[in-house]
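Notes follow once the structure below has been shown.
Here the structure is a predicted model, which means the values were calculated and not measured.
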Amino acid sequence: MFEYGIMPPLMFGGLIVFLLVGFPVAFSLGAVGIFFALIGVSIDQFDFVFMNGLPARFFGILSNELLLAIPFFTFMGAILERCGLAEDLLEGAGQLFGPLPGGLAYAVVIVGAILGAITGTVAASVIAMGVVSLPVMMRYGYNMRVATGVIAASGTISQVIPPSLVLIIISDQLGRSVGDMYAGAIGPAMLQVFLFLLFIFALSIFRPRLMPPLPAEARTVHGWALAAKVAKGMVPSLFLIFLVLGTMILGVTTPTVAGAMGACGAMLLAALHGRLSWTLLRQAMATTARLTAMIIFILVGSTVFSFVFQGMDGGKWIEHLLTGLPGGVLGFLIFVNVFIFLLAFFLDFFEIAFIIIPLLVPVANALGIDLVWFGVLICVNMQTSFMHPPFGFALFYLRGIAPAEVKSSDIYWGAVPWVCLQIVLVVIVIAFPGTVTHFLKKEAVVDPSTIQLNVPMPGLGQNPYGVAPVPGQGAAPSFGAPPAPSFGAPPAPASGSVVAPSFGAAPASAITPAPTFGTPSPTPSAPVTAAPPTFGAPPN
């Protein structure tokens, strides 16, 4: 427990105390980090030079292009929340499934999945569907707990189904691409929709009085008119899904570009529904600014905390603590999911993503866990934070727009079965990793035994200028290759002949006379004959 000193456990415990007191998370992270940094410097357990890296990290956060996708998707969700698309979808799907017991519940789940694939935000889905479908369910005799539960649960689908803000943030913390995270989340998202529909089907069989079908007088559209109404809501939605999600998964655009196109598409849909106005744009921009500022402040605070925590060997302490759990990888996964499930009672998913995930990544790497699968698993678990009574944000959103006659106890108790279904989904993802990895791009695997190296050997005709002969041996055969060019040099002597050394002097044939530039050449003087040697005799 204290192999790396007492400071890492104290620092982590101090953060929990600050959060439980209710102090703002961003400032709690920064305050705990700086406070323990000063203590660590005073007891020589922390080198203050670590803090020199904070300015560069802050600049990296503000210039991170991936995080720029967050305001785009938030703005898109805020526009679609008020543009009338949810009303068209729910009206068409409600008329289509109306004759069935639980037909409105089926429509809410399907429309929630479509809105989740467009907006990526819980607030937009819950508020839009709560305003439109809850009064209709109350009017036609739906049980209050069933009605509120299905609306809140369908809104949380947007946390798993791409393009989700949670997946963008988790991919940034894990260091993996957003495209891989989106592709891996497709399987769990479809499974979640299937589990919700299966639960509604079971209730319609065993407790049909809880969700009666729409009466005949309420089903006013039939035949081609019904098909046109359904298409009116579906076709623009599918187009926007492909514009945002399809281009990203195909690798045509980055998440930031896809978010920008989605924001433009949302404004276009609002204009087609006749609801695009300056008031709508101002409200959407205000919502986007508040959420983006909150995320940036939390990320800056978590950076300060992480720097100090890692400087005190907190990462090694966490890794030692979690790798020693009984059960190996399975024991680690069970502990992490239970821990995150409990934290979700008190912390938002942004706080969990910025505080907890960076501490878990080194342990997952050490255990050989695929980080894309691990990130999707955490996302599936974290979505329960929106359904936890009494702190779930989806429940708060629903409480804010529900009529006064809807009791808060009905909203809380109605969420319980859907939280259990989300826990079942967590178990399925752990037991069957293929639900995530099946949709990922398979990496090309090269068999080393099939690799062949074809390197040309020298002297086999590959060099067009031949091979230099070795003294005392014959020249290497040329096999039909042309001889090397001489560039005007005299031919090489025959093999076996001896050439006098030149000691650097140029050969006579190579001496070129100096240029005359038009003057007559001088007459060469007669050669001077040297006197014969006297060998010591006196001169004449």
Side-chain angles (χ1 to χ4, degrees), residues 81 86-87 89-116 122-159 192-193 195-219 344-345 383-424:
E81 179 184 335
E87 288 85 341
L89 286 171
L90 282 170
E91 186 177 356
Q95 292 286 333
L96 183 64
F97 295 102
L100 303 175
L104 288 178
Y106 288 125
V108 167
V109 171
I110 294 174
V111 172
I114 295 174
L115 286 179
V122 173
S125 299
V126 173
I127 293 174
M129 290 187 296
V131 169
V132 177
S133 62
L134 184 57
V136 178
M137 289 181 168
M138 295 171 60
R139 185 185 313 139
Y140 293 112
Y142 268 64
N143 179 270
M144 193 63 65
R145 295 183 179 180
V146 172
T148 56
V150 71
I151 292 174
S154 60
T156 61
I157 298 176
S158 61
Q159 296 307 290
Q192 185 175 29
V193 174
L195 286 175
F196 286 176
L197 294 177
L198 186 64
F199 178 70
I200 296 172
F201 178 73
L203 278 182
S204 66
I205 292 178
F206 297 104
R207 303 288 297 274
R209 292 179 298 176
L210 298 179
M211 45 179 63
L214 286 179
E217 60 272 13
R219 303 194 300 270
F345 279 99
Q383 72 173 340
T384 60
S385 65
F386 285 91
M387 291 290 292
H388 275 323
F391 305 111
F393 279 88
L395 308 182
F396 290 158
Y397 298 144
L398 187 57
R399 175 69 276 176
I401 55 93
E405 57 267 26
V406 178
K407 298 179 182 179
S408 298
S409 59
D410 290 334
I411 295 177
Y412 294 149
W413 283 109
V416 172
W418 305 94
V419 173
C420 295
L421 290 175
Q422 291 172 342
I423 295 175
V424 171

Taking every non-hydrogen atom, the tightest pair across Gly141 and Pro212 =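 In terms of heavy atoms, the two residues are closest at O-CD, 3.6 Å.
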
Indicate the atoms forming the closest heavy-atom contact of Thr156 with Gln383, along with that distance.
->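 Here Thr156 and Gln383 meet closest at O-OE1, 3.1 Å.
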
Who are the side-chain contact (heavy atoms from CB on, under 4.5 Å) partners of Leu421, not counting sequence neighbours?
->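 Once residues adjacent in sequence are excluded, the partners of Leu421 under the side-chain contact (heavy atoms from CB on, under 4.5 Å) criterion are Phe196, Phe199, Trp418.
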
Could you list the residues that satisfy side-chain contact (heavy atoms from CB on, under 4.5 Å) with Val193, not counting sequence neighbours?
->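 Result, side-chain contact (heavy atoms from CB on, under 4.5 Å) vs Val193: Val109, Ala113, Ile157, Leu197.
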
Do the non-hydrogen side-chain atoms of Met211 and Val150 ever get within less than 4.5 Å of each other?
->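 In short, these two side chains do not touch, never coming nearer than 4.5 Å.
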
Is any side-chain heavy atom of Phe201 closer than 4.5 Å to a side-chain heavy atom of Ser204?
->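 Contact flag for Phe201/Ser204 side chains = yes.
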
Got a donor-acceptor contact below 3.5 angstrom from the Tyr142 side chain to the Leu104 backbone?
->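 It does hold such a pair.
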
What salt bridge (Lys or Arg N to Asp or Glu O under 4.0 Å) pairs are there with at least one residue in residues 198-210, not counting sequence neighbours?
->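 Pairs touching residues 198-210 that pass the test: none.
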
Can you tell me how far [atom2] of [Y] sits from [atom1] of [X], rounded to the nearest 0.5 angstrom?
X	Y	atom1	atom2	value
Leu395	Ile151	CG	CD1	12.0 Å
Met137	Asn143	CE	CG	11.0 Å
Leu398	Asp410	CG	CG	11.0 Å

